[in-house]
2 protein chains.
Amino acid sequence: MSQLTIEDIARIAGVSRSTVSRVLNGQPNVRPSVRDRVQEVINSYGYAPQAAARQLVMRKTRLIGLILPDNAHHLFGNPIFAEIARGVSQVCAQRGYTPMLFIGRQDMNEATFFSLLRGRHFDGVILISSDRQDRSAAMLREAGMPYVRVGHDPEDDGDLQYVDVDNVAAARVAVEHLIALGHRRIAMLKGLAKDVCTHARLEGYRQALAAAGLPFDEALVGDGDWTPASGYAWTRRFLDLPEPPTALFSSNDMMVAGVVRAVQERGLTVPDDLAIVGFDDLLQTTMIFPELTTIRQPCVEMGTCAAELLLDQLEHNRRERVQIILPTALIIRQSCGYCRQAVQASASAPAVSGEEQRAG
Amino acid sequence: MSQLTIEDIARIAGVSRSTVSRVLNGQPNVRPSVRDRVQEVINSYGYAPQAAARQLVMRKTRLIGLILPDNAHHLFGNPIFAEIARGVSQVCAQRGYTPMLFIGRQDMNEATFFSLLRGRHFDGVILISSDRQDRSAAMLREAGMPYVRVGHDPEDDGDLQYVDVDNVAAARVAVEHLIALGHRRIAMLKGLAKDVCTHARLEGYRQALAAAGLPFDEALVGDGDWTPASGYAWTRRFLDLPEPPTALFSSNDMMVAGVVRAVQERGLTVPDDLAIVGFDDLLQTTMIFPELTTIRQPCVEMGTCAAELLLDQLEHNRRERVQIILPTALIIRQSCGYCRQAVQASASAPAVSGEEQRAG
DNA sequence: TTGTACGCGTTATCAG
DNA sequence: CTGATAACGCGTACAA
């Protein structure tokens with residue numbers, strides 16, 4: 001039976017609960033011979049303390065919740081979440097915590113979600129979301145749950161600690177690269193409007209155009225939704241324009257898959273007929289369309305940073321404001337056309353944009 | 001403070017703990033006026049019972065663990081897991097349970113994982129894995145944790161309850177479709193050898209060839225690993241063969257992305273130079289390569305089935321053997337060439353293969 | 001209908 | 001170094 005309690009183990013080993021507890025938690029002050037005997041019993045019965053009982057007295061679960069934008073397939077659909085989760089997981093394991101991905105929020109009402117938070121299942125939460133409609137940040141605060149956010153909304157200063165990249169600067173670098181290559185009609189594929197980074201990347205696009213004295217043309221901006229399907233649909237529209245773009249900046253790599261399909265379908269080629277820069281640098285995209293020039297996001301590092309911030313917050317009661325902006329990099333491949341000058345240009349305007357800054 | 005206990009609420013509302021508890025759990029035998037007053041206090045203070053304390057006495061967490069093959073990015077990489085999770089989530093929410101995706105196992109040693117299981121964090125677990133090297137099924141049993149498996153290994157009869165599709169039959173139908181279209185040199189892309197379904201799908205391929213009197217040619221079988229990259233690499237090798245295949249059956253849809261790229265790179269086209277049938281019917285593939293003929297797996301339904309099985313097991317102590325084999329369907333699009341005859345042929349050999357069977 | 005008292009399995013405190 | 005014993009917060013018979 002798995003109904004064994006610490007009491008049972010104690011009886012079998014011929015000691016008291018206290019001693020078993022000490023062995024369990026690696027405390028000193030146990031005679032080696034006794035420790036060995038107790039450990040022996042523990043192992044042979046496969047005993048492990050019941051989490052709930054321990055949590056009740058410890059007031060800690062050593063569980064970290066991972067919360068993603070409200071929609072599960074969206075979540076899985078984009079591999080960057082997996083990368084971030086990987087970073088979180090590494091740090092958690094290293095420091096003795098267990099990360100749990102919270103799924104099924106879309107099948108649950110707000111009150112239930114809130115109760116779950118208040119139930120103190122988790123010591124802390126890492127919220128991966130740049131969705132400004134997402135109420136989870138506010139609920140986390142209301143529930144008094146320590147959390148660190150990956151991505152954030154500059155207009156909502158409620159997030160005490162967050163990790164993000166400089167989306168404006170990154171997008172600007174991407175578009176500047178295209179401009180440096182001589183492109184003057186550059187299309188832009190946006191992500192979903194609810195995500196803050198969508199607007200930031202658009203802003204970077206605008207800034208790059210403005211700096212080069214190029215006009216901002218509404219007709220060249222497509223309302224994507226992060227999926228290949230939207231990339232496909234918008235590219236067709238762009239190519240149908242009286243004066244079609246010669247280059248395109250996509251707010252993420254996934255949409256590029258659709259872009260490429262639309263281009264090829266017309267008998268056109270990348271980069272000759274349409275130069276492309278993406279965003280994310282997904283491994284998966286690399287496999288489907290290997291020569292994509294793109295902005296690399298340090299996903300794993302965003303995860304490790306967030307986790308370290310959170311665990312420090314929990315263990316040392318750090319409650320200061322901390323904002324970490326991680327650097328991105330322009331990865332130049334062939335989807336913009338090989339061009340030595342361009343590489344040099346982007347070297348003078350450094351390929352790595354953004355800067356890490358820790359505000360105490 | 002969120003340190004409020006049921007005792008505090010009781011004091012504030014001017015009643016006893018018991019009454020608050022009754023209100024909390026929706027029990028009868030509480031005077032309506034009292035109930036309202038207590039509920040008011042609960043709401044205004046945002047009180048929620050502490051999970052650990054409740055779990056300790058109830059001996060239930062109402063949490064369901066979701067465990068996937070040991071590797072997290074693998075997991076996110078393939079959207080079928082997300083679909084299955086969606087099904088699980090729906091049923092759990094409906095029946096008052098909360099599903100949690102267990103991540104980070106790859107950063108954790110076996111002993112830690114085992115302790116976690118014995119710690120009774122979850123009332124039950126849904127294991128999504130056709131990996132025969134994966135020891136989690138055995139550990140789940142050893143830990144005495146109720147679980148239902150999605151996918152299984154016929155050589156390991158330890159799984160009491162599982163949900164799966166008939167991979168052999170599904171693959172056979174796929175290859176028969178190609179044969180019916182007149183193809184005689186049909187390549188096959190396998191998945192990873194550690195996954196049981198890889199072998200099952202190969203077996204289906206063999207059966208279809210044998211039934212048609214076609215030879216089995218080792219040179220036409222590629223050792224894929226589920227990723228587009230492997231599809232790309234193997235297709236290049238296939239096309240380099242002295243007598244290249246005219247058709248290809250891929251063990252999953254993701255690899256097809258690489259296959260298509262390799263074909264197009266040679267200036268060839270699908271389906272004229274290479275007819276393709278995939279497996280899974282991913283929404284994502286549909287967007288990248290819309291005309292893929294493929295085998296549809298009922299992913300969401302696999303999730304709902306598994307969850308219902310598990311919750312029944314928990315609530316009604318069902319411990320009988322249950323194996324559910326869900327039907328797959330051949331979805332005919334254009335990657336094999338449009339062919340009325342073929343559609344008819346596949347209609348006589350019904351498009352829906354497999355059958356649901358419940359063994360008590 | 002409401003309140004009292006006990007137990008759930010563990011850790012922490014304090015004597016021995 | 002070891003063993004009693006008191007919490008931890010909640011649910012629930014049982015008593016009022």
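To find a chain, count down the sequence lines: A is the first, B the second, and so on, and within it residues start at 1. Since the model is a prediction, treat every value here as computed from it, not as a measurement.
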Using a strict 4.0 Å threshold on nitrogen-to-oxygen distance, state whether [X] and [Y] make a salt bridge.
X	Y	value
A:Asp134	A:Arg105	yes
B:Arg37	B:Glu40	no
B:Arg321	B:Asp159	no
B:Lys60	B:Asp123	no

Between [X] and [N], is there a contact of a side-chain N or O with OP1 or OP2 at under 4.0 Å?
X	N	answer
B:Arg17	C:dT4	no
A:Tyr47	C:dT10	yes
A:Arg54	C:dT11	yes
B:Ser18	C:dT4	no

Atom pair CZ/CD1 of B:Phe102 and B:Ile64 - distance to nearest 0.5 Å:
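Those atoms lie 14.5 Å apart.
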Where chain A begins and ends its contact with DNA chain D, read 5' to 3' at 4.0 Å from heavy atoms:
D:dC1 to D:dG9
Stretch residues 21-30 of chain A: residues that reach within less than 4.0 Å of DNA chain C through a heavy atom
A:Ser21, A:Asn25, A:Gln27
Can you find a heavy atom in the side chain of A:Arg95 that is under 4.5 Å from one in the side chain of A:Glu315?
yes
Which angle, to the nearest 10 degrees, lies between the helix axes at the two ends of the helix from C:dT1-D:dA16 to C:dG16-D:dC1, each defined by five pairs?
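Axis angle across the helix from C:dT1-D:dA16 to C:dG16-D:dC1, nearest 10°: 40°.
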Nearest-angstrom distance from the residue atom CD1 of A:Ile9 to C1' of C:dT10:
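It is 13 Å, rounded to the nearest whole Å.
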Single hit among B:Arg318, B:Glu320, B:Gln161 for side-chain hydrogen bond (donor to acceptor under 3.5 Å, both in side chains) with B:Gln313:
B:Gln161
When B:Val57 and B:Gly14 are each assigned the nearest nucleotide of DNA chain C, the 5'-most assignment goes to B:Gly14
